[in-house]
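Throughout, numbering of the chain's residues begins at 1 and tracks the sequence.
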Amino acid sequence: MDKFIGFFRSVTILLFTGALIWSYAFMASQVSYRFDPAGDVLGTANKDTYFFGAIAIFLLANVVCYYFTKVLQKINTTEDGVGIRNQYLKKDLITWIKGFAGVLNLFFSLILVFLGLMNMSSDYNIKTLGFYVYLGPVLILVWFFYLAVILGKRRN
């Protein structure tokens, strides 16, 4: 599972990079980022602010996940340890955090695709593209449910 999570995280980093470059390339100098339910624009920002803001949020989320992973790796564990000192729980938590970084990257990518589509054309309806926005939080909730499963597992 650890290899798959590492692969998933790498793919989502590439997906985020591609979504950012794609959305940035086709946007006008002013980016619309807030819409009402009818699809009318409520807020705009400069294209460069959009680009560097997206990179800053992406880096912050990934650095925090990387930091937590490194902190967990420093904890001494044994096979029969209790709580976080159990080596199997520690391994599962490290895998979960790496996967959470991938899920966040996927969520950020979906937001960039949504904003890119909304800014490129007025033909898109916000109601038909709304699943992009809701898919990310659903994935995050599923990942937290997986954390509850990990923490609820009986360990020796």
inquiry  = Suppose the criterion is side chain to side chain donor-acceptor pair (under 3.5 Å): which pairs have a residue in residues 134-153, not counting sequence neighbours?
reply    = none
request  = Under the side chain to side chain donor-acceptor pair (under 3.5 Å) rule, collect the residues that match up with S29, sequence neighbours excluded.
outcome  = none
inquiry  = With heavy-atom distances below 4.5 Å as the criterion, would you say the side chains of K98 and T69 are in contact?
reply    = yes
message = Can you list everything that forms a ring pair (Phe, Tyr, Trp, His ring centres under 6.0 Å) with F144? Sequence neighbours excluded, please.
response = W96, F100
Using residues 4-15 as the side-chain source, report each donor-acceptor pair under 3.5 Å to any protein atom, sequence neighbours left out, with the distance given to one decimal.
| from | atom 1 | to | atom 2 | distance (Å) |
| --- | --- | --- | --- | --- |
| S10 | OG | G6 | O | 3.0 |
| T12 | OG1 | F8 | O | 3.2 |
| T12 | OG1 | R9 | O | 2.8 |

ask   = Do the side chains of M1 and I97 join up, straight or via other hydrophobic residues, at under 4.5 Å, putting them in one cluster?
value = yes
Side chain to side chain, V103 and V142, heavy atoms closer than 4.5 Å = no
query = Members other than I21 in its cluster, when Ile, Leu, Val, Met, Phe, Trp, Tyr link by side-chain heavy atoms under 4.5 Å?
reply = none
query = With sequence neighbours left out, what residues match Y88 under ring pair (Phe, Tyr, Trp, His ring centres under 6.0 Å)?
reply = none
query = Are Y66 and V64 connected in the hydrophobic side-chain network, where two residues link if heavy atoms are under 4.5 Å apart?
reply = no
For T77, side-chain contact (heavy atoms from CB on, under 4.5 Å) partners two or more places apart = I75, Q87, K90
Going by atom type alone, with no hydrogens or angles, which donor-acceptor pairs under 3.5 Å involve a side-chain atom of residues 47-57 and a protein atom two or more places apart or on another chain?
| from | atom 1 | to | atom 2 | distance (Å) |
| --- | --- | --- | --- | --- |
| K47 | NZ | Y24 | O | 3.1 |
| K47 | NZ | M27 | O | 3.1 |
| D48 | OD1 | Y24 | OH | 2.8 |
| Y50 | OH | S23 | OG | 2.7 |

Shared-cluster residues of V149, by chain and number - hydrophobic side chains joined below 4.5 Å = F145
ask   = Mind checking whether N86 and T78 have side chains closer than 4.5 Å, heavy atoms only?
value = no
task = Determine whether Y67 and F58 fall in the same hydrophobic cluster, where Ile, Leu, Val, Met, Phe, Trp and Tyr are linked whenever their side-chain heavy atoms lie under 4.5 Å apart.
result = yes
remark   = When rounded to the nearest 0.5 Å, the distance separating NZ of K70 from CD1 of I94 is 8.5 Å
message = Restricting to side chain to side chain donor-acceptor pair (under 3.5 Å), what partner residues turn up for Q30, sequence neighbours left out?
response = none
Atom pairs and distances, donor-acceptor, side-chain atoms in residues 107-116, under 3.5 Å, two or more places apart:
| from | atom 1 | to | atom 2 | distance (Å) |
| --- | --- | --- | --- | --- |
| S109 | OG | F16 | N | 3.2 |
| S109 | OG | N105 | O | 2.8 |

note = Across all chains, not counting sequence neighbours, the side-chain contact (heavy atoms from CB on, under 4.5 Å) partners of K3 are none
inquiry  = For the CD1 atom of I150 and the CG atom of D92, what is their distance to the nearest 0.5 Å?
reply    = 5.0 Å
